Amino acid sequence: MKMGSGVSEQLSEAAARIKLEPQWRAALQGEIQKPYMQDLRAFLLNELRSNKRIYPKPSEYFAAFNLTPLDEVKVVILGQDPYHGPGQAHGLCFSVKEGVALPPSLENIFKELKSDLGIELPKNGCLSGWAKQGVLLLNATLSVEAGKAGSHQKKGWEEFTDFAVQYLNEHRQHIVFILWGSFAQKKGALIDRKRHLVLEAPHPSPLSAHRGFFGSRHFSKSNAYLKKHGIEPIDWRKTTGYGKLFEMELGCCG
């Protein structure tokens, strides 16, 4: 079967150098070299060679880490896996690129933001401005096949992101972990609640948002906790703001 041009471009990117911010590089390098991550690498390359469309682009798998350096993490929002529709996923959970229609869950996040803090709904759904302020927007699974939600679960990503959460738990203090939905809340077992604040609510999906996501006030609660511990709060109005990416050869997707 002839490989489509789009997939060929993705495969070329997969062979390119993966970007990772230096502090995260130091923390995660050993984990990336473990056999399960090498198995994940082989799986991803095989998916691309099989003419499958994978989201986000390989160069964006680690975008959450790139935009939020390890020592700047103040809040962690955990998602499940990337959006599986065209043009949506770009490596930050719940976020979409500028100009892309808001997914229903993100619409509900913005509604809660307005209810909680009186902030008018942002004009676009790119949350990189939050990331640059210290909000780690981390999915449990960092890739997905187009149109197939959850298709890259149980391939190794969850173990890798568990390690990242455990590292933050053990090496930092006074981080706010926001866990929306049962999937994210499973990672709550990795967090020492004496060292950090854990906020839990139903998922912002239209199927569950009315069961307690609306009215949870996690944005104001996060800032109150940060202020209490002498940490600059998040300006939740600032959603969009790109920063420099950092480069390193990881051997994960090349």
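Heads up: numbering here begins at 1 and tracks the sequence. Quick caveat: nothing in here was measured; it's all calculated off a predicted structure.
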Quick one: salt bridge (charged side-chain N to carboxylate O under 4.0 Å, His left out) partners of [X], sequence neighbours excluded?
{"X": "K114", "result": "E120"}
{"X": "E159", "result": "none"}
{"X": "R195", "result": "none"}
{"X": "K34", "result": "E31"}

Nearest-0.5 Å distance that lies between atom [atom1] in [X] and atom [atom2] in [Y]:
{"X": "F62", "Y": "L67", "atom1": "CZ", "atom2": "CG", "answer": "14.0 Å"}
{"X": "I109", "Y": "H218", "atom1": "CD1", "atom2": "NE2", "answer": "11.5 Å"}
{"X": "N223", "Y": "K74", "atom1": "CG", "atom2": "NZ", "answer": "9.0 Å"}
{"X": "F214", "Y": "N108", "atom1": "CZ", "atom2": "CG", "answer": "3.5 Å"}
{"X": "L127", "Y": "C93", "atom1": "CG", "atom2": "SG", "answer": "8.0 Å"}
{"X": "L190", "Y": "F177", "atom1": "CG", "atom2": "CZ", "answer": "9.0 Å"}

Looking at [X] and [Y], would you say the former's side chain and the latter's main chain have a donor-acceptor pair under 3.5 Å?
{"X": "Q38", "Y": "I32", "result": "yes"}
{"X": "Q185", "Y": "A201", "result": "yes"}
{"X": "S50", "Y": "K52", "result": "no"}
{"X": "Q80", "Y": "N139", "result": "no"}
{"X": "E21", "Y": "W24", "result": "yes"}

Could you tell me which non-hydrogen atom of [X] sits nearest to which non-hydrogen atom of [Y], and how far apart they are?
{"X": "E158", "Y": "T141", "value": "OE2-OG1, 3.4 Å"}
{"X": "L121", "Y": "F110", "value": "CD2-O, 3.2 Å"}
{"X": "H203", "Y": "F213", "value": "O-CB, 4.1 Å"}
{"X": "H196", "Y": "Q173", "value": "CE1-CA, 3.6 Å"}
{"X": "L70", "Y": "A27", "value": "CD2-CB, 4.1 Å"}
{"X": "L136", "Y": "L168", "value": "CD2-CD1, 3.8 Å"}

Partner of I175 under side chain to side chain contact (heavy atoms under 4.5 Å, CB included), chosen from I191, V76, V75: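 Of I191, V76, V75, side chain to side chain contact (heavy atoms under 4.5 Å, CB included) with I175 is met by V76 alone.
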L117 with V176, same ILVMFWY side-chain cluster at under 4.5 Å: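 Yes.
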Checking [X] now: which residues fulfil side-chain hydrogen bond (donor to acceptor under 3.5 Å, both in side chains) with it, not counting sequence neighbours?
{"X": "D39", "answer": "none"}
{"X": "E200", "answer": "R193"}
{"X": "S222", "answer": "none"}
{"X": "K155", "answer": "none"}

Steps toward salt bridge (charged side-chain N to carboxylate O under 4.0 Å, His left out) verdict (D192, K194): CA-CA 5 Å; D192 182 348; K194 295 180 180 179; over 6 Å; no
More than 12 heavy atoms from other groups under 6.0 Å of CD on E232: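 No, because the 6.0 Å sphere around CD of E232 holds 12 heavy atoms or fewer from other groups.
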Salt bridge (charged side-chain N to carboxylate O under 4.0 Å, His left out) contacts in which one or both residues fall within residues 172-188, not counting sequence neighbours: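 Matches after skipping sequence neighbours: D162-K187.
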Pairs meeting criterion salt bridge (charged side-chain N to carboxylate O under 4.0 Å, His left out) with involvement of residues 203-225, two or more places apart: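 Found D116-R217.
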Chi angles and distances behind the side chain to side chain contact (heavy atoms under 4.5 Å, CB included) call for V165, L78: CA-CA 10 Å; V165 170; L78 290 172; 4.2 Å; yes
Partner of F94 by ring pair (Phe, Tyr, Trp, His ring centres under 6.0 Å), out of Y83, W180, W130: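 Output: one option passes, namely W180.
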side-chain contact (heavy atoms from CB on, under 4.5 Å) involving S143 - partner list, sequence neighbours excluded: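 Partners of S143 under the side-chain contact (heavy atoms from CB on, under 4.5 Å) test: L44, I54, Y61, H152, W157.
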Set of residues satisfying side-chain contact (heavy atoms from CB on, under 4.5 Å) with respect to H174, sequence neighbours excluded: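 In terms of side-chain contact (heavy atoms from CB on, under 4.5 Å), with neighbours along the sequence ignored, H174 is linked to Y225, H229, I231.
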Heavy-atom check, side chain of F219 versus side chain of I178, under 4.5 Å: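 Heavy-atom side-chain distance check fails, nothing below 4.5 Å.
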Check against side chain to side chain contact (heavy atoms under 4.5 Å, CB included), K132 and K238: CA-CA 10 Å; K132 288 298 296 178; K238 297 179 179 178; over 6 Å; no
Result of checking S128, S59, S95 against H90 for side chain to side chain donor-acceptor pair (under 3.5 Å):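 Exactly one candidate clears the test, S95.
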